[in-house]
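Read through the structure below, which is laid out as structure tokens, and then see the notes.
Protein chains get the first letters and strands the later ones, always in sequence-line order, with residue 1 at the start of each.
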4 protein chains.
Amino acid sequence: MKKKVAIVGASGYSGEELLRLLLAHPLAELTAVTSRQYAGQTVAQVFPRFSLYPGAKVLRFSEPNADLLAKQAEVVFLALPHGVAAQYAVPLLQLGCQVIDLSADFRLKNDALYREFYGHDHPAPDLLKKSVYGLPEIYRAQIRNASLVASPGCYPTSILLPTVPLLREGLIKPTGIIADSLSGVSGAGRKAELDYLFVECNESVRPYAVPKHRHLSEIEQELSLAAATVVTIQFTPHLIPVNRGILTTLYLAPVQHFESGTEVPAASSTDAATTLAALSEKIAACYHAAYGNEPFVRLLDPARSELPDTKNVAGTNVIEIAWRLDPRTGRLIVMSAEDNIIKGASGQAVQCFNVMCGFSETAGLV
Amino acid sequence: MKKKVAIVGASGYSGEELLRLLLAHPLAELTAVTSRQYAGQTVAQVFPRFSLYPGAKVLRFSEPNADLLAKQAEVVFLALPHGVAAQYAVPLLQLGCQVIDLSADFRLKNDALYREFYGHDHPAPDLLKKSVYGLPEIYRAQIRNASLVASPGCYPTSILLPTVPLLREGLIKPTGIIADSLSGVSGAGRKAELDYLFVECNESVRPYAVPKHRHLSEIEQELSLAAATVVTIQFTPHLIPVNRGILTTLYLAPVQHFESGTEVPAASSTDAATTLAALSEKIAACYHAAYGNEPFVRLLDPARSELPDTKNVAGTNVIEIAWRLDPRTGRLIVMSAEDNIIKGASGQAVQCFNVMCGFSETAGLV
Amino acid sequence: MKKKVAIVGASGYSGEELLRLLLAHPLAELTAVTSRQYAGQTVAQVFPRFSLYPGAKVLRFSEPNADLLAKQAEVVFLALPHGVAAQYAVPLLQLGCQVIDLSADFRLKNDALYREFYGHDHPAPDLLKKSVYGLPEIYRAQIRNASLVASPGCYPTSILLPTVPLLREGLIKPTGIIADSLSGVSGAGRKAELDYLFVECNESVRPYAVPKHRHLSEIEQELSLAAATVVTIQFTPHLIPVNRGILTTLYLAPVQHFESGTEVPAASSTDAATTLAALSEKIAACYHAAYGNEPFVRLLDPARSELPDTKNVAGTNVIEIAWRLDPRTGRLIVMSAEDNIIKGASGQAVQCFNVMCGFSETAGLV
Amino acid sequence: MKKKVAIVGASGYSGEELLRLLLAHPLAELTAVTSRQYAGQTVAQVFPRFSLYPGAKVLRFSEPNADLLAKQAEVVFLALPHGVAAQYAVPLLQLGCQVIDLSADFRLKNDALYREFYGHDHPAPDLLKKSVYGLPEIYRAQIRNASLVASPGCYPTSILLPTVPLLREGLIKPTGIIADSLSGVSGAGRKAELDYLFVECNESVRPYAVPKHRHLSEIEQELSLAAATVVTIQFTPHLIPVNRGILTTLYLAPVQHFESGTEVPAASSTDAATTLAALSEKIAACYHAAYGNEPFVRLLDPARSELPDTKNVAGTNVIEIAWRLDPRTGRLIVMSAEDNIIKGASGQAVQCFNVMCGFSETAGLV
């Protein structure tokens with residue numbers, strides 16, 4: 001009844017969270033977990049905080065070995081650095097496993113784009129067409145039958161879920177999109193680098209990778225598919241002193257003019273108010289149609305003046321979305337908050353796993 | 001030789017920092033400091049951390065009284081809530097004092113605008129024309145002869161200094177400006193409200209006052225003056241878990257096209273590169289001309305890939321500015337970092353004081 | 001099959017966490033939750049982060065009413081301020097409910113002691129003898145049959161669990177005990193006071209309530225029972241800038257001398273080493289006997305040089321305990337870490353609930 | 001008139017702060033600053049936040065060279081790792097420089113003790129007798145004439161200043177002393193290690209190096225000198241999530257009994273109160289005599305119920321001290337707070353420099 005699963009590479013923040021989620025998953029049996037660094041130790045020894053979970057005291061980390069993994073597990077999660085994941089995906093797929101990859105290795109459809117953003121040739125370009133981008137709210141049907149799922153990055157999730165329905169419905173222009181994102185430090189991974197020391201991050205806020213962050217490639221790929229035209233966006237990530245969470249603020253241009261400002265002098269203020277009300281209804285309807293029944297998307301209530309806050313999603317697989325139309329500028333501001341390690345990584349991977357297995361999508365995630 | 005100064009209202013974060021700066025100022029003699037709450041206590045008793053400064057053990061807080069203050073001080077700093085400051089400014093000016101007001105009471109030139117954003121009639125509209133907006137890098141000459149200086153807010157400073165020179169030079173369009181700002185919690189003031197409790201702010205990031213924050217009024221007033229046309233901007237403030245600092249990311253549209261993207265297909269990529277290089281030079285020259293000799297503006301070196309970080313300005317009166325042209329989108333991204341309580345409030349007020357008195361502008365600020 | 005439960009007062013940090021635990025509890029049916037402030041709103045509206053739990057969208061906060069509660073629930077949790085809890089406990093018990101009180105109202109056995117530490121007469125002194133101190137690891141048998149459980153405070157839990165077994169076994173002296181504790185800010189409650197503002201707590205560490213904190217009364221009561229003699233301890237709480245967690249360091253005097261230092265010159269160093277080894281075995285055996293099978297006590301492994309860390313217990317009902325004998329001073333240092341809101345409050349209350357109902361003790365807590 | 005000074009090794013947190021203090025010092029001329037890593041770059045390039053200080057844009061980091069340094073500076077500060085400092089101190093002293101060493105290399109008087117605690121032979125044992133322990137409040141006279149000053153560690157300063165006067169006066173027993181200390185993360189240095197990453201320190205509190213931290217050696221050496229007998233103490237350091245600050249809580253035993261508790265049943269409660277009052281006066285008098293005129297020791301006022309808080313000393317060279325007698329236990333609790341990088345390292349070194357040069361002791365430190 002339970003699905004046998006394995007994790008390759010579980011020493012980083014995403015791998016650790018994935019381990020926790022799968023140990024607690026009612027329909028998954030974690031049969032193998034690999035880590036060169038921890039091989040031989042039990043899960044409870046390496047992560048004492050997981051010792052209450054059944055199995056944590058007996059399951060031992062092992063050296064990664066595709067042949068062995070294929071015998072132990074039906075579904076294998078890869079929580080490895082970019083470039084390394086492909087080395088395991090290829091043999092595991094050949095041996096009949098389903099693979100859910102948390103790295104960026106299989107997110108792009110185009111190997112030239114991969115080369116541009118990652119600086120080297122893709123190690124297994126044939127698999128790019130086979131892989132499914134693991135955003136269940138967008139690609140549920142494809143994930144259901146996928147053998148290889150590329151679980152999206154944390155920034156892309158926070159940008160795509162608020163934007164894709166609007167683009168698909170043609171409510172916003174595909175040009176001029178700006179995404180300003182604030183990420184907790186766990187997003188940088190468990191790496192011993194000076195930049196991520198406590199003293200360097202605490203009481204500090206800073207942009208980085210301006211203006212061309214690697215995640216732009218998958219964001220623009222998916223936005224282009226949604227808009228059915230090439231989309232180029234502006235994306236500015238910032239590092240802020242929290243452990244968990246991404247807050248993204250999106251600046252979007254509605255197709256319909258509603259502003260009463262000086263830039264569109266022709267519209268009378270009554271007309272503008274009417275147009276604004278009509279547009280508000282369309283946007284609310286669009287989001288409701290897209291996410292009204294989604295368990296992990298929380299549409300905040302404008303009537304209650306709610307805005308997203310990372311503390312309301314930390315530790316959960318939920319993304320919060322709120323929006324405001326600005327009658328002064330004619331812009332649509334959309335804001336989202338998610339836990340970068342859960343909905344932005346491991347929780348999403350488990351959600352994909354649930355879809356692939358035909359389980360309830362919230363299994364192990366509430 | 002020393003200028004006699006007083007502070008009205010010194011129990012908030014800005015007032016406390018102003019107190020520290022004036023206690024340490026080599027050319028100021030702090031003769032009075034008022035606070036209803038602390039009247040009768042010495043400065044050292046209320047703020048033990050200032051006890052090393054000469055005078056902190058003898059100077060006592062008193063009840064605010066304009067007549068008395070006018071006898072004790074030549075220059076009076078008002079660190080009071082919006083609306084209250086005007087009540088002291090009027091009599092103090094009549095009694096011959098110079099006034100530096102840290103509230104929003106005298107920042108706007110137009111009392112209708114004040115009513116729109118602050119919700120009530122301005123208490124002393126005649127003074128609006130007399131007051132000078134206290135940004136020394138922009139209004140140094142006017143501040144020199146001012147009797148009433150309205151020290152700018154923290155968000156406006158972080159937005160105006162990076163933007164005004166570009167607008168004045170006509171390098172960017174006055175339309176479509178977006179300012180995305182991240183502020184430390186001291187910006188909310190020393191107020192006993194649930195929203196600002198440690199547990200509510202720590203491990204939290206959130207936007208607020210979307211889309212119409214009060215500070216928009218003074219920001220747009222000053223941008224409009226710089227552009228010589230009405231400017232309406234998009235401004236989104238966020239609260240982040242640091243004590244001090246504002247990081248602002250500005251999205252601007254250069255007048256000159258330089259992008260090689262699909263949106264401007266006519267430009268060949270060689271032409272685009274040439275245009276980009278030329279535009280880069282113009283922007284660098286514009287900033288160098290505006291701020292090359294400014295002691296408190298640090299233009300970060302693109303050659304060293306430097307980006308602003310609030311920890312590099314916390315505790316100082318410096319604003320850091322960096323910029324990037326994005327050849328993919330054609331946008332100019334400008335980023336600034338400042339200490340919201342110093343360059344965004346009290347340090348700037350002291351800088352204005354130095355200008356008004358003909359002192360070296362860095363006196364008491366290094 | 002499920003037990004019907006209610007929560008009175010769920011707007012503070014402990015009440016909110018209790019709400020989360022009971023919403024997710026597989027054997028509890030939360031039928032009522034009261035709050036004057038939130039009456040009429042659903043749980044999902046007040047705490048959006050709980051909206052995924054079944055029932056959160058339909059269960060509404062109501063005004064507290066003992067008669068009604070007694071009809072709705074078999075077990076009622078009181079998450080109310082000290083002094084207020086007793087007002088509900090008395091009628092609820094009379095109406096046949098079992099009561100688990102998270103306040104300090106029923107923790108002391110002696111109403112004179114209550115008066116000394118809480119400053120007023122106890123409102124229901126007759127109940128003091130009836131109530132059971134809700135530390136399952138110490139009072140499991142009594143909790144099983146209790147109608148009124150007084151769930152212990154966060155500091156007491158962190159001090160009693162490491163100390164009681166040693167006192168019961170006579171391994172340490174009942175005199176001279178020192179407990180130095182560090183608490184996260186949620187311990188102060190969700191109160192709008194200046195002292196607990198983000199800016200006042202961040203980058204701050206401070207002792208408070210020195211030398212006589214209220215929790216001393218219940219700590220000393222329980223230590224005295226364990227030692228079968230009157231025990232007076234030194235206790236210093238400190239506030240540190242984390243949301244969750246208590247770290248306690250205990251300084252204890254073993255009955256047996258083992259130090260090779262100058263204070264006990266008679267012992268040769270060989271003898272001292274032998275004695276130390278023997279004592280180490282006794283302490284290890286004592287803790288193993290007391291807690292070896294306890295699901296929520298994690299005895300850290302000295303062979304792995306492990307020491308407690310609040311981040312390893314945050315979000316769980318686990319307390320970590322480690323100890324070291326110091327051959328230089330002859331002292332036993334015991335250190336514990338727990339989540340102050342879970343094992344130090346709400347989780348412990350749910351653990352008691354499980355014991356009272358005959359459920360698996362970990363139900364709803366893993 | 002100005003003293004020529006140099007810093008060897010300025011890339012760590014203490015070195016950086018020392019650089020700032022000496023750049024701003026009115027009576028010091030910083031002529032050289034060395035760093036292998038930064039050689040060739042200006043101070044302003046490496047530390048942009050210092051660019052406002054005169055000299056920061058022209059002074060360049062150089063490779064360390066004792067001969068050259070001896071020509072450039074009269075006083076040389078060593079901010080180097082333990083063990084490395086001695087390699088520079090020996091030639092610099094021979095070449096006639098005065099040396100202020102911030103490492104542990106010259107703090108101990110006894111090379112056997114050094115070997116026990118640091119694990120290797122001392123590289124220059126002859127200098128141990130020559131060096132002066134740089135606590136100005138204790139060794140001012142000796143520092144005045146010293147050629148080699150060993151600036152104390154951060155933990156020792158926080159423990160010694162509150163304790164030495166009491167031991168010298170014979171008010172407390174030299175036995176049974178316990179020091180429980182909480183340190184900010186900068187105390188661990190600017191080292192790229194996983195343990196000090198933001199995510200590992202934030203929302204974490206943990207003891208470490210229990211029970212034998214290296215600093216015990218210098219603490220016990222100095223306490224033994226003050227008590228004129230061998231003193232062995234208990235010391236437990238903890239890491240807490242702040243950048244700056246050490247909070248130490250000391251548990252001390254007054255020579256005189258004053259408690260009314262059960263442990264000393266002979267004393268009537270009236271006698272106990274009288275004794276407590278008398279002892280309080282003695283302790284207050286002792287501290288007043290020792291530190292009443294010290295600029296950098298702030299004795300908190302018991303009448304105002306003040307307790308130390310690291311935020312009140314962060315960024316300053318001040319140590320705060322408060323104390324309480326506990327009539328329940330007979331103990332004296334003394335608490336101190338300091339900035340670990342300033343009074344605990346660089347500020348103290350500058351204070352020693354001022355003493356050595358005959359300058360006002362607060363020069364460059366207010």
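At a threshold of 4.5 Å between non-hydrogen side-chain atoms, the residues A:Met335 and B:His238 do not count as touching. Counting only heavy atoms from C-beta outward, the side chains of A:Leu216 and B:Arg328 approach each other to under 4.5 Å. Proximity of B:Leu247 to A:Pro207: side-chain heavy atoms (C-beta onward) are separated by under 4.5 Å at one or more points.
For a residue to count as touching a neighbouring chain, one of its non-hydrogen atoms must lie under 4.5 Å from one of that chain's; by this rule B:Ile246 does not touch chain A. With a threshold of 4.5 angstrom between heavy atoms, A:Leu325 approaches chain B through N, CA, C or O but not through any side-chain atom. Using a 4.5 Å cut-off between heavy atoms, B:Leu239 makes no contact with chain A at all.
With rounding to the nearest 0.5 angstrom, the CD atom of A:Gln234 is 3.5 Å from the OG1 atom of B:Thr329. Remark: A:Arg324 CZ to B:Thr236 OG1 distance equals 11.0 Å, nearest 0.5 Å.
Contact residues of residues 302-314 of chain A toward chain B are A:Leu307, A:Pro308, A:Asp309, A:Thr310, A:Lys311 (heavy-atom distance under 4.5 Å).
Here the closest non-hydrogen pair linking B:Ser204 and A:Val242 is N-CG1, 3.9 Å.
Using a cut-off of 4.0 Å between Lys/Arg side-chain N and Asp/Glu carboxylate O, A:Arg206 and B:Glu320 are scored as not salt-bridged.
Between chain B and the residues A:Asn202, A:Ile178, A:Ile233, the most heavy-atom pairs under 4.5 angstrom are made by A:Ile178.
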